[in-house]
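First the proteins, then the strands, lettered A, B, ... as listed; each starts at 1.
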Amino acid sequence: MDDKTGNHSAEGAAAPAEPGLDFIREIVTGDLSAGRVREVVTRFPPEPNGYLHIGHAKAICLNFGIAQEFGGRCHLRFDDTNPAKEEQEYIDAIERDVRWLGFDWGQHLYFASDYFDRLYDWAIDLIKAGKAYVDDQSQEEMRANRGTLTEPGRPSPYRDRSVEENLDLFARMKAGEFPDGARVLRAKIDMASGNINMRDPALYRIKHAHHPRTGTAWKIYPSYDFAHGQSDAIEGITHSICTLEFEDHRPLYDWFIANLSVPSTPHQYEMARLNITHTVLSKRVLTELVRGGHVSGWDDPRMPTIAGFRRRGVPPEAIRDFIKRVGVSKANSQVDAVMFDFSVREALNKNAQRRMAVLKPLKVVIENYPEGQVEELEAVNHPDDEAAGSRQIKFTRELYIEHDDFMEVPEKKFFRMAPGREVRLRYAYFITCKEVIKNAAGEVVELRCTYDPASKGGNSPDGRKVKATIHWVSAEHAIPAEVRIYNPLFLDPNPSSDAATFATGINPQSLEVIADARLEPSLAEAKVETPFQFERQGYFCRDKDSTPDRLVFTRTIGLRDTYAKDVAKDTRESPRQNAKA
RNA sequence: UGGGGCGUAGCCAAGUGGUAAGGCAGCGGAUUUUGAUUCCGCCAUUCGGAGGUUCGAGUCCUCCCGCCCCAGCCA
């Protein structure tokens with residue numbers, strides 16, 4: 001007896017559902033404790049027709065996660081039944097990305113194409129049992145005869161061919177005697193079913209295409225429906241987890257399992273797919289972003305792909321944490337992208353060493369600091385982790401500070417550098433702005449300051465307080481670098497997934513290049529993928545585009561900025577205040 | 001109008017007849033040599049709606065409303 005969710009195993013008194021378990025884990029728990037399955041076996045079944053994205057990460061974390069938690073195993077199985085779209089490059093990328101996410105399939109790497117022979121034999125069994133037939137109708141005729149959502153379909157004129165004729169035709173399909181699309185093998189189920197998937201679905205189609213694994217050995221390829229469940233059965237999969245749009249396919253999945261002599265009886269469960277604001281997770285669109293040159297590639301840091309996040313500096317634990325927070329359910333939902341940002345910041349805050357870097361340099365000359373003098377100051381690598389140690393940084397007469405940390409006419413809530421103000425240079429001294437130097441265009445180009453020698457290290461012996469601490473680098477020692485700031489690829493919280501129109505929604509400011517940032521010298525040895533926090537700014541990592549004479553850093557994500565948020569809020573509210581005044 | 005699903009806070013999400021977990025966001029406040037972090041506190045008299053059953057309903061029943069998926073020889 002199936003319950004209303006169709007999950008046969010949710011029945012019974014088993015498993016006093018531990019609260020907090022999602023519905024899939026509850027089912028697994030129940031199946032294990034009731035003895036319905038001895039060992040849980042799951043699988044992650046990507047089609048190698050593109051790179052993995054954050055939506056796949058949900059499926060990966062769920063399938064591999066469940067296997068880990070319940071002492072079972074998870075297979076990596078490529079669903080490579082459509083040679084027209086699949087490529088070896090994608091197979092390699094998918095394996096790399098799953099590993100990087102932190103999961104291991106051990107010896108259990110499979111391909112649906114490994115099962116082509118058995119699948120073919122099963123098709124023949126179906127024909128012999130009078131449950132499948134070769135249809136000569138054109139695609140258009142089949143569509144016309146399939147009926148509509150409210151009208152039943154009509155039987156194909158070829159539906160009642162003899163077993164012998166079907167066997168002969170199917171063998172000739174396999175032998176490559178017919179061109180693509182000429183015929184198709186169909187299951188004989190029910191043309192009047194309310195479920196359109198049961199109206200004699202296609203099992204095999206003719207495709208004279210090169211397959212990345214089987215080459216040109218096959219001229220016919222099984223459909224997803226005919227391959228998936230049987231592949232699960234062959235591998236002994238106990239819980240075959242997929243997304244909601246396959247719910248309608250479950251009766252068909254079960255039909256094959258019931259009508260074929262398969263070695264096990266797997267069951268399919270469906271969960272909602274992941275949707276995130278400002279993000280498109282349609283493979284079609286992602287492929288188009290790459291092919292159309294809208295981004296630099298599948299690993300462009302703006303892409304929601306695993307490869308993109310990796311290059312951007314997002315650690316795998318952040319992705320896993322995010323997926324865990326999002327949960328698993330059957331409700332269509334759209335997760336706010338800021339939730340992902342939270343997971344990224346949390347992982348990075350914990351692990352990234354701190355460094356100082358100035359993105360938009362403003363020169364500062366300390367007038368009372370001896371020319372040519374260089375002092376070594378100690379800076380901790382991580383404020384919450386003593387084990388991270390410390391490093392020495394050089395202080396000199398000429399420095400760079402962040403241009404944004406100075407305001408000639410400071411607004412109310414701005415308490416960084418301004419004419420006459422004293423601030424702290426992190427790990428160094430208190431300095432006071434004495435003079436502002438501008439160029440011919442009236443732009444501020446240099447600050448003349450004085451320092452308080454007694455405030456070395458950042459504290460004044462007289463207990464004098466300062467309202468701000470800003471970061472800096474020694475002008476002489478800092479290394480120049482290009483820094484890339486990435487913004488959302490789509491400004492619309494709910495961007496179009498329509499292949500024809502998505503491009504119009506691309507944020508023209510999604511990439512901001514800062515050509516002349518100045519970094520603390522220790523950053524020259526940074527490794528790709530090692531995250532750093534540039535203090536007061538955000539998390540950054542060295543990009544693979546770096547060359548021996550030109551460093552490139554990518555911003556993973558900015559620090560939370562309540563000041564900026566406050567300013568933005570005031571700006572929004574000011575019209576009302578003005579109206580009142 | 002056929003079939004399959006889903007509706008709990010701004011966004012996710014627990015809840016399985018006994019009186020609405022948790023997280024994100026937001027808002028206050030404390031600490032701070034990062035306007036970061038951390039820490040405290042606030043944030044659903046009500047679960048899409050209306051009836052009904054019950055001592056008691058987010059949970060059970062009925063009707064209604066809304067949203068998503070399905071008419072590929074894609075997966």
Side chain of A:N82 - closest among B:rG26, B:rG35, B:rC74: B:rC74
Syn-anti status, with the boundary at 90° from 0, for the nucleotide B:rG49: anti
Option among A:F540, A:F532, A:F534 that satisfies the ring-ring contact (aromatic ring centres under 6.0 Å, His included) test with A:F553: A:F534
A:R355 and A:N381: side chain donor to acceptor below 3.5 Å: yes
Residues A:Y269 and A:E247: side-chain donor-acceptor under 3.5 angstrom: no
Sugar-phosphate, base or nothing in reach of A:Q137, heavy atoms under 4.0 Å: base
Sugar-phosphate, base or nothing in reach of A:M198, heavy atoms under 4.0 Å: nothing
Under-4.0 Å salt bridge between A:K456 and A:E375: yes
Touch class at under 4.0 angstrom, heavy-atom based, for A:Y204 against every strand present: nothing
Integer-rounded Å distance: B:rU32 C1' and A:D384 CG: 11 Å
N or O in side chain of A:R416 less than 4.0 angstrom from B:rG35 OP1/OP2: no
Sugar-phosphate only, base, or nothing, as touched by A:R424 at under 4.0 Å among non-hydrogen atoms: base
Touch class at under 4.0 angstrom, heavy-atom based, for A:K324 against every strand present: nothing
Axial cation check for A:F178 ring with A:R183, 6.0 Å and 45° limits: yes
Rounded P spacing from B:rC6 to B:rG10 in Å: 23 Å
A:D232 and A:S240 side chains, donor-acceptor separation under 3.5 Å: yes
Any A:K569 side-chain N or O less than 4.0 Å from OP1/OP2 of B:rC27: yes
Pair A:R325 + A:D321, salt bridge at N-O below 4.0 Å: yes
Closest to side chain of A:K413, choosing from B:rG3, B:rU37, B:rG35: B:rG35
Touch class at under 4.0 angstrom, heavy-atom based, for A:D180 against every strand present: nothing
Residue A:R146, side-chain heavy atoms: nucleotide from B:rG72, B:rG26, B:rU1 that is nearest: B:rG72
Closest to side chain of A:V335, choosing from B:rC12, B:rG72, B:rA25: B:rC12
Touch class at under 4.0 angstrom, heavy-atom based, for A:V328 against every strand present: sugar-phosphate
Sugar-phosphate, base or nothing in reach of A:F322, heavy atoms under 4.0 Å: nothing
Sugar-phosphate only, base, or nothing, as touched by A:E47 at under 4.0 Å among non-hydrogen atoms: sugar-phosphate
Distance test, side-chain N/O of A:R536 to OP1/OP2 of B:rG35, below 4.0 Å: yes
Options B:rA13, B:rU1, B:rG35, nucleotide nearest the side-chain atoms of A:Y563: B:rG35
Nearest-angstrom distance, C1' atom, B:rG18 to B:rU37: 42 Å
Sugar-phosphate, base or nothing in reach of A:T81, heavy atoms under 4.0 Å: sugar-phosphate
Watson-Crick/G-U partner (both atom distances under 3.5 Å) of B:rG26: B:rC42
Touch class at under 4.0 angstrom, heavy-atom based, for A:F342 against every strand present: sugar-phosphate
Same-atom distance (C1') from B:rG2 to B:rA71, integer angstrom: 11 Å
Any A:R183 side-chain N or O less than 4.0 Å from OP1/OP2 of B:rC73: no
Modelled atom types, side-chain donor and acceptor of A:E141 and A:Q139, under 3.5 Å: no
Sugar-phosphate only, base, or nothing, as touched by A:R560 at under 4.0 Å among non-hydrogen atoms: sugar-phosphate
B:rA14 to B:rG58 separation - C1' atoms, rounded to the nearest Å: 12 Å
A:R213 to A:F111, cation-pi by 6.0 Å centre distance and 45° axis angle: yes
Selection from B:rC12, B:rA75, B:rA25 that lies nearest to any side-chain heavy atom of A:V326: B:rC12
A:R199 side chain near B:rC70 phosphate (N/O to OP1/OP2, under 4.0 Å): no
Pairing partner (Watson-Crick or G-U wobble, both distances under 3.5 angstrom) of B:rG2: B:rC70
C1' spacing across the pair B:rU46 / B:rU8, given as an integer number of angstrom: 9 Å
Candidates B:rC70, B:rU37, B:rU16 - which lies nearest the side chain of A:E26: B:rU16
Sugar-phosphate, base or nothing in reach of A:H249, heavy atoms under 4.0 Å: base
List, with names and distances, any nitrogen or oxygen atoms from the protein found under 3.5 Å away from nitrogen or oxygen atoms belonging to nucleotides 64-69 of chain B.
| residue | atom | partner | partner atom | Å |
| --- | --- | --- | --- | --- |
| B:rC68 | O2' | A:N332 | ND2 | 3.2 |

Donor/acceptor link under 3.5 angstrom from A:Q537 side chain onto base of B:rU34: no
Distance below 4.0 Å between A:K207 side-chain N/O and B:rC74 OP1 or OP2: yes
Flag for A:N82-A:Y224: side-chain donor and acceptor within less than 3.5 Å: no
Phosphate-side-chain proximity, A:S329 and B:rC6, N/O vs OP1/OP2 below 4.0 Å: no
Sugar-phosphate only, base, or nothing, as touched by A:Y221 at under 4.0 Å among non-hydrogen atoms: nothing
Quiz item: A:R354 side-chain donor-acceptor pair to B:rU34 base, under 3.5 Å: yes
Residue A:P383, side-chain heavy atoms: nucleotide from B:rC24, B:rA75, B:rU34 that is nearest: B:rU34
Residue-phosphate contact under 4.0 Å: A:K330 side-chain N/O, B:rG7 OP1/OP2: no
Geometric class of the A:Y120/A:F170 ring pair [parallel <30°, tilted 30-60°, perpendicular >60°]: parallel
G-U wobble or Watson-Crick pairing nucleotide for B:rG7 (cut-off 3.5 Å, both distances): B:rC65
Side-chain N,O (A:S223) to OP1/OP2 (B:rC74) below 4.0 Å: no
Carboxylate-amine/guanidinium contact A:K350 A:E346, below 4.0 Å: no
Selected nucleotide, minimal atom distance to A:D336 side chain, candidates B:rU34, B:rC11, B:rA75: B:rC11
A:I196, nearest nucleotide to its side chain (from B:rG2, B:rC12, B:rC6): B:rG2
